[in-house]
**Q** 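Quick one: structure below, then a few questions.
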Amino acid sequence: MSQYRTFTAQDAVDYAKQFGGLDNPSSLVEAQEIGDGNLNLVFKIFDAQGVSRIIVKQALPYVRCVGESWPLTLDRARLEAQTLVTHYQHSPQHTVNIIHYDPALAVMVMEDLSSHRIWRAELIKNHFYPQAARQLGEYLAHTLFHTSDFYLHPHEKKAQVAKFINPEMCEITEDLFFNDPYQIHDRNNYPAELENDVAALRDDAQLKIAVASLKHRFFSQAEALLHGDIHSGSIFVAEESLKAIDAEFGFYGPVGFDVGTAIGNLLLNFCGLPGHLGIRDAAAAREQRLIDIQVLWTTFAERFQALASEKTRDSALATPGYASAFLKKVWNDAVGFCGTELIRRSVGLSHVADIDTIQDEAMRHACLRHAIHLGRALIVIADRIDSVEALVARVRQYS
């Protein structure tokens, strides 16, 4: 087995030549480090003509934005690679292709997506991709159904749950989603002008009980192999294509978590758009985000229901009406988890460019405040929001 070392750009080129699966590996001559996340080095590997041909990604043994004082397991590279490989088996058109991975070096080689753009950046620019919400719904339906008890034999499912235990990365999620924003903590990150709004979260007993319930579901419901962090920065889009990347938080958890995280990021964009486009010009783009949310959920639910009707292997779960009842529970979970995504991205350690890049300080604060209050409302009344149409109505009410 290889001994772990942190890659240089030249290391990444040499590794891509050896494991990239290209017909002409000697054509690879240069690497550019493009990682802007908190956890990894990411290299684009270019040929002599300056064309990016392949990606090399290496996990670091610590949180990049904090440093060595926050160590992380390198096993997350294996978990990320295996999550994406599994998802690719069930949704190849919407999952990045992992060509090779080495658990000892915590390195994976994957297809280059230079023909695509990061969806978050495109949403901020108000560049609309008409197929993206539907494609994301398809990705979620196929990956979550085919890794669930509806499809897998119980023995295989239990073995998969054990294989994808991811305690260190799950602990990060548990802290950032369900703990830090609701207490005084050094990792929290918000403007002093919002102190009263954040203090109200800490003092809200009803909210904290609802968050505790969501955390308990996250702990205990191993329903399907989640991406675990399916935000708009982990999705690449092109005119007719969508690809999910960055699954180092992959584990078996509640289906509604992935769905809610995806919806939450569309709502974060909804909250931030007035700061980028102006209140008047943002109106049409905000309506499009609400349509995107409806398309995402409807596509997911319809496709999951169809897969359940066609492919469910367990006789009890195949009982007519059960898949529909399960999806109602998924929806309820998704609304709550959506709310926690809004709050943790506004109050906690990791923010989003949809709001953080707003230049006008007063407008940025207003957008943050909107996300906090909307998130709180969704968490507390999740069980009363019984449809995506009801969610859209609530969002309009809090806008």
**Q** For the side chain of Glu122 and the backbone of Ala238, is there at least one donor-acceptor N/O pair under 3.5 Å apart?
**A** no
**Q** Is it true that Asp14 and Gln18 share a donor-acceptor pair across their side chains at a distance under 3.5 Å?
**A**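 Not at all, the side chains of Gln18 and Asp14 share no donor-acceptor pair under 3.5 Å.
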**Q** Under 3.5 Å, is there a donor-acceptor pair between the Ser213 and His216 side chains?
**A**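 Looking only at side-chain atoms, His216 and Ser213 do not form any donor-acceptor pair under 3.5 Å.
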**Q** More than 12 heavy atoms of other residues, nucleotides or ligands under 6.0 Å from CD of Gln359: yes or no?
**A**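 12 or below, so no.
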**Q** With rounding to the nearest 0.5 Å, note down the distance linking CD in Glu248 to CG in Asp75.
**A**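 One gets 12.5 Å once the value is rounded to the nearest 0.5 Å.
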**Q** Please report the C-alpha distance between Glu156 and Lys163 in whole Å, then the side-chain angles of each, then the deciding distance to 0.1 Å, and finally whether the salt bridge (Lys or Arg N to Asp or Glu O under 4.0 Å) criterion is met.
**A** CA-CA 10 Å; Glu156 183 181 3; Lys163 176 181 176 181; over 6 Å; no
**Q** Measure up the His153 and His155 rings against each other and bin them: parallel (under 30°), tilted (30 to 60°), perpendicular (over 60°).
**A**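 Answer is perpendicular, since the angle exceeds 60°.
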**Q** Would a hydrophobic clustering, with Ile, Leu, Val, Met, Phe, Trp and Tyr connected at side-chain separations under 4.5 Å, put Leu74 with Leu105?
**A**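 Shared cluster, yes.
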**Q** Report whether Tyr190 and Leu349 are members of the same hydrophobic cluster (ILVMFWY, side-chain heavy atoms less than 4.5 Å apart, transitive linking).
**A**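 Not linked; separate clusters.
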**Q** His142 vs His146 aromatic rings, parallel, tilted or perpendicular, using cut-offs 30° and 60°?
**A**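 His142 and His146: parallel rings.
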**Q** How many angstroms lie between atom CD of Glu239 and atom CZ of Arg117, to the nearest 0.5 angstrom?
**A**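 Glu239 atom CD to Arg117 atom CZ measures 10.5 Å (nearest 0.5 Å).
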**Q** Is there a ring pair (Phe, Tyr, Trp, His ring centres under 6.0 Å) between Phe178 and Phe218 once you walk through the steps?
**A** CA-CA 10 Å; Phe178 309 114; Phe218 184 84; 5.6 Å; yes
**Q** Would you indicate whether the side-chain heavy atoms of Val56 and Val107 approach each other to under 4.5 Å?
**A** yes
**Q** For residues Lys57 and Asp246, determine if any side-chain heavy atom of one lies less than 4.5 Å from a side-chain heavy atom of the other.
**A**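 Touching, per the 4.5 Å side-chain cut-off.
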**Q** Applying side chain to side chain contact (heavy atoms under 4.5 Å, CB included) to Arg76 and Asn40, what does each step give before you reach the verdict?
**A** CA-CA 11 Å; Arg76 73 182 191 276; Asn40 308 289; 3.6 Å; yes
**Q** For Asp204 and Arg376, run side chain to side chain contact (heavy atoms under 4.5 Å, CB included): C-alpha distance rounded to whole Å, both residues' side-chain angles, the deciding distance at 0.1 Å, then the answer.
**A** CA-CA 10 Å; Asp204 190 330; Arg376 187 264 174 197; 2.8 Å; yes
**Q** Near Asn24 CG, under 6.0 Å, is it more than 12 heavy atoms from other residues, nucleotides or ligands?
**A**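 Counting other residues, nucleotides and ligands, CG of Asn24 exceeds 12 neighbours.
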**Q** How many angstroms lie between OG1 in Thr340 and OH in Tyr182, if you round to the nearest 0.5 Å?
**A** 6.0 Å
**Q** Do Phe337 and Ile172 sit in one hydrophobic cluster, given that two such residues count as connected whenever their side-chain heavy atoms are within less than 4.5 Å of each other, even indirectly?
**A** no
**Q** Per the side-chain hydrogen bond (donor to acceptor under 3.5 Å, both in side chains) rule, which among His94, His116, Gln131 passes with Ser241?
**A** His116
**Q** For residues Gln135 and Val237, determine if any side-chain heavy atom of one lies less than 4.5 Å from a side-chain heavy atom of the other.
**A**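 A side-chain contact is absent here, since even the closest heavy-atom pair is not under 4.5 Å.
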**Q** Any side-chain heavy-atom pair from Ile358 and Leu368 closer than 4.5 angstrom?
**A** no
**Q** Identify, with sequence neighbours excluded, every residue that meets side chain to side chain donor-acceptor pair (under 3.5 Å) alongside Tyr88.
**A**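 In terms of side chain to side chain donor-acceptor pair (under 3.5 Å), with neighbours along the sequence ignored, Tyr88 is linked to no residue.
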**Q** Does Asn188 reach the main-chain N or O of Asp180 with its side chain, forming a donor-acceptor pair under 3.5 Å?
**A**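 Side chain of Asn188 to backbone of Asp180, a donor-acceptor pair under 3.5 Å: yes, one is there.
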**Q** Hey, could you give me the CD1/CG distance between Ile355 and Leu342, rounded to the nearest 0.5 Å?
**A**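 Between atom CD1 of Ile355 and atom CG of Leu342 there are 8.0 Å.
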**Q** Would you check, one step at a time, whether the test side chain to side chain contact (heavy atoms under 4.5 Å, CB included) holds for Arg286 with Arg396?
**A** CA-CA 10 Å; Arg286 289 180 119 193; Arg396 291 196 177 108; over 6 Å; no
**Q** Does Leu225 reach the side chain of Thr83, with side-chain heavy atoms less than 4.5 Å apart?
**A** yes
**Q** With the side chain counted from C-beta on, respond yes when Gln93 and Glu138 share a heavy-atom pair under 4.5 Å apart, and no when they do not.
**A** no
**Q** Should the ring pair Trp297 and Trp331 be called parallel, tilted or perpendicular, given that the plane angle runs from 0 to 90° and is split at 30 and 60?
**A**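 Plane angle between 30° and 60°, so tilted.
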**Q** Is the centre of the His90 ring less than 6.0 Å from the centre of the Phe145 ring?
**A**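 No, they do not, as the ring centres are separated by 6.0 Å or more.
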**Q** Out of curiosity, does Ile291 fall in the hydrophobic cluster containing Ile385 (side-chain heavy atoms, cut-off under 4.5 Å, transitive links)?
**A**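 No; Ile291 is not reachable from Ile385 via cluster members.
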**Q** So if you build clusters from Ile, Leu, Val, Met, Phe, Trp, Tyr with side-chain heavy-atom gaps below 4.5 Å, do Leu290 and Ile381 land together?
**A** yes
**Q** Going through the checks in order, is the ring pair (Phe, Tyr, Trp, His ring centres under 6.0 Å) test met by Phe304 and Phe150?
**A** CA-CA 10 Å; Phe304 194 102; Phe150 286 89; 5.5 Å; yes
**Q** So, Tyr101 and Glu80: side-chain donor and acceptor under 3.5 Å apart, yes or no?
**A** no
**Q** Enter the distance from Asn97:CG to Glu111:CD here, rounded to the nearest 0.5 Å.
**A** 5.5 Å
**Q** Where do Ala244 and Leu84 come nearest, in terms of heavy atoms and distance?
**A** O-CD2, 4.1 Å
**Q** Is it the case that the side chain of Asn166 and the backbone of Cys170 share a donor-acceptor pair, with hydrogens and angles ignored and the cut-off at 3.5 Å?
**A** no
**Q** Determine whether a donor-acceptor pair (N or O, by modelled atom type, separation under 3.5 Å) exists between the side chain of Arg345 and the backbone of Val352.
**A** no
**Q** Any donor-acceptor pair under 3.5 Å linking the side chain of Gln58 with the backbone of Leu60?
**A**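 No: the side chain of Gln58 does not pair with the backbone of Leu60.
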**Q** Answer yes or no: is there a donor N or O on one side and an acceptor on the other, between the side chain of Ser91 and the main chain of His87, under 3.5 Å?
**A**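 No, the answer is negative, given that no donor and acceptor are paired below the 3.5 Å cut-off.
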**Q** Heavy-atom distance under 4.5 Å between the side chains of Ile343 and Leu201, does that happen here?
**A**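 They are in contact (side-chain heavy atoms under 4.5 Å apart), so the answer is yes.
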**Q** Might you work through the side chain to side chain contact (heavy atoms under 4.5 Å, CB included) test for Phe128 and Asp292, ending with a clear yes or no?
**A** CA-CA 10 Å; Phe128 179 51; Asp292 291 341; 3.7 Å; yes
**Q** Once the angle between the rings of His100 and Phe19 is folded into 0 to 90°, is it parallel (under 30°), tilted (30 to 60°) or perpendicular (over 60°)?
**A** parallel
**Q** Picking from Lys157, Lys329, Arg217, what satisfies side-chain hydrogen bond (donor to acceptor under 3.5 Å, both in side chains) with Glu223?
**A** Lys329
**Q** Indicate whether the side chain of Asp197 and that of His373 have a donor and an acceptor atom separated by less than 3.5 Å.
**A**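 There is such a pair between these side chains.
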**Q** Between Ile45, Ile245, Asp112, which is the residue that forms a side chain to side chain contact (heavy atoms under 4.5 Å, CB included) with Ile55?
**A** Asp112
**Q** CE/Met108 to CG/Asp102 distance, rounded to the nearest 0.5 angstrom?
**A**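 That separation rounds to 10.5 Å.
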**Q** Name the atoms and distances for all side-chain donor-acceptor pairs under 3.5 Å in residues 251-273, with sequence neighbours left out.
**A**
residue	atom	partner	partner atom	Å
Tyr252	OH	Thr147	O	3.1
Asp258	OD1	Gly228	N	3.0
Asp258	OD2	His227	N	2.8
Thr261	OG1	Phe257	O	2.8
Asn265	OD1	Arg120	NH1	3.3
Asn265	OD1	Arg120	NH2	3.0
Asn265	ND2	Thr261	O	2.9
Asn265	ND2	Glu341	OE2	2.7
Asn269	OD1	Arg289	NH1	3.2
Asn269	ND2	Asp354	OD2	3.0

**Q** Does any part of the side chain of Phe177, heavy atoms only, come nearer than 4.5 Å to the side chain of Leu214, both counted from C-beta?
**A**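 Not in contact.
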